[in-house]
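Beneath this line is the structure, given in structure tokens, with notes to follow.
Order of the sequence lines sets the chain letters (A, B, ...), proteins ahead of strands, with each chain counted from 1.
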Amino acid sequence: MKKTAKERLKTLIEDVVKDDPKITGIEEKDIVVLPTLKEEFGEFYTNIAFRMKNKFPSPMEAAEYIKTNILKLNPPCIKKIEVKNGFLNFFLSDEFYLKLISEIANGNTSSLKPPPVNKKFLIEFVSANPTGPLTIAHGRQAAFGEALARILKYAGADVTKEYYINNAGRQIKLLGESLRARYLQLKGIDCPIPESGYEGEYLIEIAKKVPCKDIDFESFAAENILDDIRADLKKFGVSFDRWVSELEFFRTGMVDKLLKHLEEKGFIYSAEGSKWFKSSLCGDEKDRVVVKSDGSYTYLASDIAYHKDKIERGYDLLVNIVGPDHHGYIPRLKAVAEVLGFNPENLNFIIVQLTTLYRGKEKLSMSTRKGQFISLKQLMDEVGPDASKFFFIFRKADSHLDFDLELAKKQSIENPIYYLQYAYVRMKHIIEFAKEKGMETGSADLSLLKEQEELSLTKYISKFPDTIEAVVKSYGIHLLAEYLLDIAKLFHSYYHKHRVVSEDKKLSSARLVLTHALLTVFSLSLNLLNISLPERM
RNA sequence: GCGCCUGUAGCUCAAUGGAUAGAGCAUCUGCCUUCUAAGCAGAGGGCUGCCUGUUCGAGUCAGGCCAGGCGCACCA
């Protein structure tokens, strides 16, 4: 695997620092190289001089010392190093950049890869109960999970996407009773929906499909709803490697077996007519019921079995993407992990906050009970899957999201998804236009790319792997979306200031190479974000 | 009452403990004979909710307040 520019710089610093008696107390983790936010500071910087203040009179002098020693090695990728305010700022050589875009434009994208993530991930997400249609909250989780999985995979991780179907328990029982009531109502028999049952109209539609009164209403309802959920997700462009059924953990006896085992080990005890899991031993505020006094199981009981199953399948990291209504559930699952011998730190929860829908200024209040809610399907029908996905992911997961339906439909600069797509179409169009004119890029002289915008764009391309790395580290998908918007802005600006295809054949060729490289980064990024691109606009 | 999340420009939001806190929208001013103006250039706009710490350095970390959202089941 090819080293990124950042890694190369890090190695250089390590080499200089490692065996120098004047420099002590610096460990590998102290050597941090980061992309800069401003061009005046070069492309990367390190703050290592601040870590060495005891050995040198000032960070400035430490920085100068390191700078001198790095330059002695005469590294080819560095144009210059500047010491400013104690920071070492690295400016990479033109050759490095020109080689980079030349490779990318020619289809060799190895330099766009981040340092490999050699880990096995299991990402569980959506996992909505099959008791009703997917909501926009599920939509945001779905968009997030799919994009995260794609980015992790791109970074080299082994990723499994999983949907856990809660098709057992009280809610499903209520669902079955609600469907039965709807069915009987259709037959003219007065039968009320049970208390706190499901009153949504979708059950009437399903009731129409019920063949006779002797069916298993629970599984009939759940299966029908699950079919809709699958169809919605498919339309949304979200797929799963596995669909795991809660019922199976009961059918195979795994739940009973596991609870018994945990009881023998003293993690489960009986009290007040129920059985309790001692989650308070591992950080939960209180113990939790696993077997109710009526002998039925709580959700936690089967979830223990599910997580045991996850752990046994052998993953380095278990990622659960959940809504904010589940946050109280996290400590007990962490306790489950600990009791089952899995490091709770490797059981990660990503809480995707809620979305508030607006239609312009008007806030759409939603209430499932009153049947006033917008489903994911309705959202897709109104603004389209791509715009929906983009709005869902271009904000941090733990930020509440305001989603304006009017804005998402607008075809103007106000709407970032159109801004991106327009940039993409422009790139494609330029390349096609050049092709019609019979332009060639094969023997382009890239040293002709001297404009400030061209250099900025090139540097931005080189930061792609760093962006991916940052996403992997923080699960912050929005960073990639923002990166893309930044490139789009730079490109639009470049487009207006300079012509790619002109009378100057040599210059045109060089600029076409850059455009090709940009297009590659654009397609790749949008693919990772699971957003499709139009051929024309 | 307890827990989680949030609080940054008029609005919606970025910013991995780094340098002068950045974008977009909105407002104002310019720009189409050109590879798509669904676009571009420029201007104004800030006590990062408040207070105390930790640090060479805090929007970021810790503690305490204030405000908003969401949870606190033998539901899932």
Tell me what [X] touches on the nucleic acid: a base, only sugar-phosphate, or nothing, going by heavy atoms under 4.0 Å.
X      : value
A/V425 : base
A/P35  : base
A/N89  : base
A/N47  : base
A/K396 : sugar-phosphate
A/L479 : sugar-phosphate

Item to check | ring-ring contact (aromatic ring centres under 6.0 Å, His included), paired with A/F403, selected from A/Y358, A/F390, A/F392 | outcome: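 Of the listed options, the one satisfying the test is A/F392.
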Next on the checklist: Checking ring-ring contact (aromatic ring centres under 6.0 Å, His included) between A/Y483 and each of A/F522, A/Y460, A/F394, which is the one that passes?
Outcome noted: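 The option that passes is A/Y460.
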Under 4.0 Å between a side-chain N/O of [X] and OP1 or OP2 of [N], yes or no?
X      : N      : result
A/K435 : B/rC35 : no
A/R426 : B/rA37 : yes
A/K428 : B/rC35 : no
A/S493 : B/rA41 : yes
A/Y494 : B/rC35 : no
A/S399 : B/rA14 : yes

Item to check | Nucleic acid footprint by protein, nucleotides 70-76 of chain B - heavy-atom cut-off 4.0 Å, B for base, S for sugar-phosphate alone | outcome: BSS-BBB
Any Lys/Arg nitrogen of [X] or [Y] sitting under 4.0 Å from an Asp/Glu carboxylate oxygen of the other?
X      : Y      : answer
A/K435 : A/E432 : no
A/K310 : A/E162 : no
A/E451 : A/K497 : no

From the list [options], which nucleotide is the closest neighbour of the side chain of [X]?
X      : options                : result
A/R395 : B/rC13, B/rU20, B/rG18 : B/rC13
A/H478 : B/rA15, B/rC13, B/rU6  : B/rA15
A/K6   : B/rA15, B/rA19, B/rU16 : B/rU16
A/K473 : B/rC35, B/rA14, B/rU16 : B/rU16
A/R51  : B/rA19, B/rU16, B/rC56 : B/rC56

Checklist entry - What pairs with A/F240 under ring-ring contact (aromatic ring centres under 6.0 Å, His included), at least two apart in sequence or on another chain? => result A/F125, A/Y163, A/W243
Item to check | Pairwise P distance for B/rG49 and B/rA14, with rounding to whole Å | outcome: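 Roughly 13 Å separates the two P atoms.
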Checklist entry - Quantified in whole Å, what is the P atom distance between nucleotide B/rU48 and nucleotide B/rA9? => result 10 Å
Checklist entry - Starting at the 5' end of RNA chain B, which residue's closest nucleotide do you reach first, A/H496 or A/F433? => result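 The residue whose closest nucleotide sits nearer the 5' end is A/F433.
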Item to check | Nearest-nucleotide 5' precedence on RNA chain B, A/Y419 against A/H498 | outcome: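 Its nearest nucleotide lies further toward 5', so the answer is A/H498.
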Next on the checklist: By a 5.5 angstrom centroid cut-off and a 30 degree plane limit, is there stacking between A/F41 and B/rA19?
Outcome noted: yes
Next on the checklist: Using a distance-only criterion (donor-acceptor N/O pair, under 3.5 Å, no hydrogens), is the base of B/rA38 paired with the side chain of A/N415?
Outcome noted: no
Would you list the protein and nucleotides 24-29 of chain B atom pairs, both N or O, that sit under 3.5 Å from each other?
from: B/rG24; atom 1: OP1; to: A/K489; atom 2: NZ; distance (Å): 2.5

